[in-house]
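Numbers restart at 1 for each chain; the letters A, B, ... are given by sequence-line order, proteins then strands.
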Number of protein chains: 2
Amino acid sequence: MMNAMHYTRDNMAELLRSHDINPTHQRIEIAHALFSRQEHLSADQVMAIVNTRHSETSKATVYNTLRLFLDKGLVREVIVDPTKVFFDPNTSPHHHLYEIDTGRLSDIDAGQVRISGLPPLPAGMVTEGIDLIVRVRRKA
Amino acid sequence: MMNAMHYTRDNMAELLRSHDINPTHQRIEIAHALFSRQEHLSADQVMAIVNTRHSETSKATVYNTLRLFLDKGLVREVIVDPTKVFFDPNTSPHHHLYEIDTGRLSDIDAGQVRISGLPPLPAGMVTEGIDLIVRVRRKA
DNA sequence: CACCAATTTGGACTTTGTCTAATATCCGGA
DNA sequence: TCCGGATATTAGACAAAGTCCAAATTGGTG
């Protein structure tokens, strides 16, 4: 909890270290891209952002890094669009709102939302996550 | 409602007609593939199944047809896996269980499930659908 | 400085899905 | 039956997201 209020690159390095990730240049830039805005980004958006600033970061590194962040629990993967995966820097329990027309993905705070009556899981299974996705569209 | 209890090709033709779809050979085969099993299929699975039986059906036709079925409300699209879209012949309200290891997708009856406390939608937006996806994995 | 491990990189490759222009099929009317 | 137009189907080229790998770079440490 209590991530730094300002997403400086130093704070990003700190965050990475606290998640057991060696804070390299590229990783810091990628983390900064993800954490310093509320919209969720896809891999190619991350790449575009990171490559505006100084050095180039390769596609392979962006994908490697995003997967690393996933593994280390720094971000969550949100699958709403068959053409690309979004990465969500918020790993606390919450849900998602997906605007079909614009492709924008935002959070729904789980605070008020209650889901009850889910059937028991099949034997030998454990829950990996519950994704509640509300798809909306601009009124015609 | 009251789809035929047996998924004969004649019944499929009937089903298609009732959804305002011209029942061609290929469409009947594809509908049959989707409706005659409880697992949800992806486009390439549909293609594999349809092409075991007699005539060949082209990739383009499979995709065209699945989109047509979608538009006509015959099937639903389920997006759980970044690598492929699943098609669900059940359009009544229900949720999904996704087995991460195997890639199998099955239904959760919405009967008992209750979702409450969703925040109001942003102004000018209408809900297009609410997807509740439970991701499970075989216990280690 | 030299070395070793970790990281990054370009580019080839795979997969899912789209697009298009040509062909085939179906059906109603003369 | 034959014709013509609308509807379907097709092969194959193409696009975009993501993976993979071997080579090059980087960053400590002794």
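The distance from atom CZ of A/Phe86 to atom P of D/dG18 is 10 Å, rounded to the nearest whole Å. For A/Asp44 and D/dA17, the CG to C1' distance is 8 Å, given to the nearest whole Å. Atom-to-atom, CD1 of B/Ile21 to C1' of D/dA8 comes out at 14 Å; the value is rounded to the nearest Å. C/dT8 atom C1' lies 15 Å from atom CD of A/Glu29, rounded to whole Å. One atom, CD of B/Glu56, and another, P of D/dG12, lie 12 Å apart when rounded to the nearest Å. Rounded to whole Å, the distance from CG on B/Asn51 to C1' on D/dA11 is 13 Å. Nucleotide D/dA16 holds its P atom 11 Å from the NZ atom of A/Lys84, rounded to whole Å. Atom CD of A/Glu77 is separated from atom C1' of D/dG18 by 12 Å (rounded to the nearest Å).
Neither OP1 nor OP2 of D/dT7 sits under 4.0 Å from any side-chain N or O of B/Thr24. Contact check, B/Tyr63 against C/dT18: no side-chain N or O comes under 4.0 Å of OP1 or OP2. Distances shorter than 4.0 Å separate none of the side-chain N or O atoms of A/Gln26 from OP1 or OP2 on D/dT26. Taking 4.0 angstrom as the limit, A/Asn64 places none of its side-chain polar atoms (N or O) nearer than this to OP1 or OP2 of C/dT7. Between A/Arg27 and C/dT8, a side-chain N or O to OP1/OP2 separation shorter than 4.0 Å is present. For the pair A/Thr61 and C/dT8, the criterion of a side-chain N or O lying under 4.0 Å from OP1 or OP2 is not met.
Mapping B/Asn22 and B/Ser42 onto DNA chain C via the closest heavy atom, the residue that lands nearer the 5' end is B/Ser42.
In B/Arg37, the CZ atom is crowded: over 12 heavy atoms of neighbouring residues, nucleotides or ligands sit closer than 6.0 Å. No more than 12 heavy-atom neighbours from other residues, nucleotides or ligands sit within 6.0 angstrom of CZ on A/Arg138.
Taking a pair as Watson-Crick or G-U wobble with both distances under 3.5 Å, DNA chain C forms stems of 3 or more consecutive pairs at C:1-30 with D:1-30.
Tested against B/Val46, the residues B/Val62, B/Thr57, B/Thr65 include a single side-chain contact (heavy atoms from CB on, under 4.5 Å) partner, B/Val62.
Across every non-hydrogen atom of B/Ile49 and B/Ala33, the tightest pair is CG2-CB, 3.9 Å.
B/Ile79 places none of its side-chain heavy atoms less than 4.5 Å from the side chain of A/Val80.
Between the side chain of A/Asp81 and the main chain of A/Thr83, a donor-acceptor pair closer than 3.5 Å is present.
No hydrogens or angles considered: nothing links the side chains of A/His40 and A/Asn90 as a donor-acceptor pair under 3.5 Å.
For B/Ser58, the side-chain atoms get nearest to D/dT9 when compared with the rest of C/dG17, D/dT9, D/dC20.
In this model, no side-chain donor or acceptor of A/Lys59 finds a partner on the base of C/dG10 within 3.5 Å.
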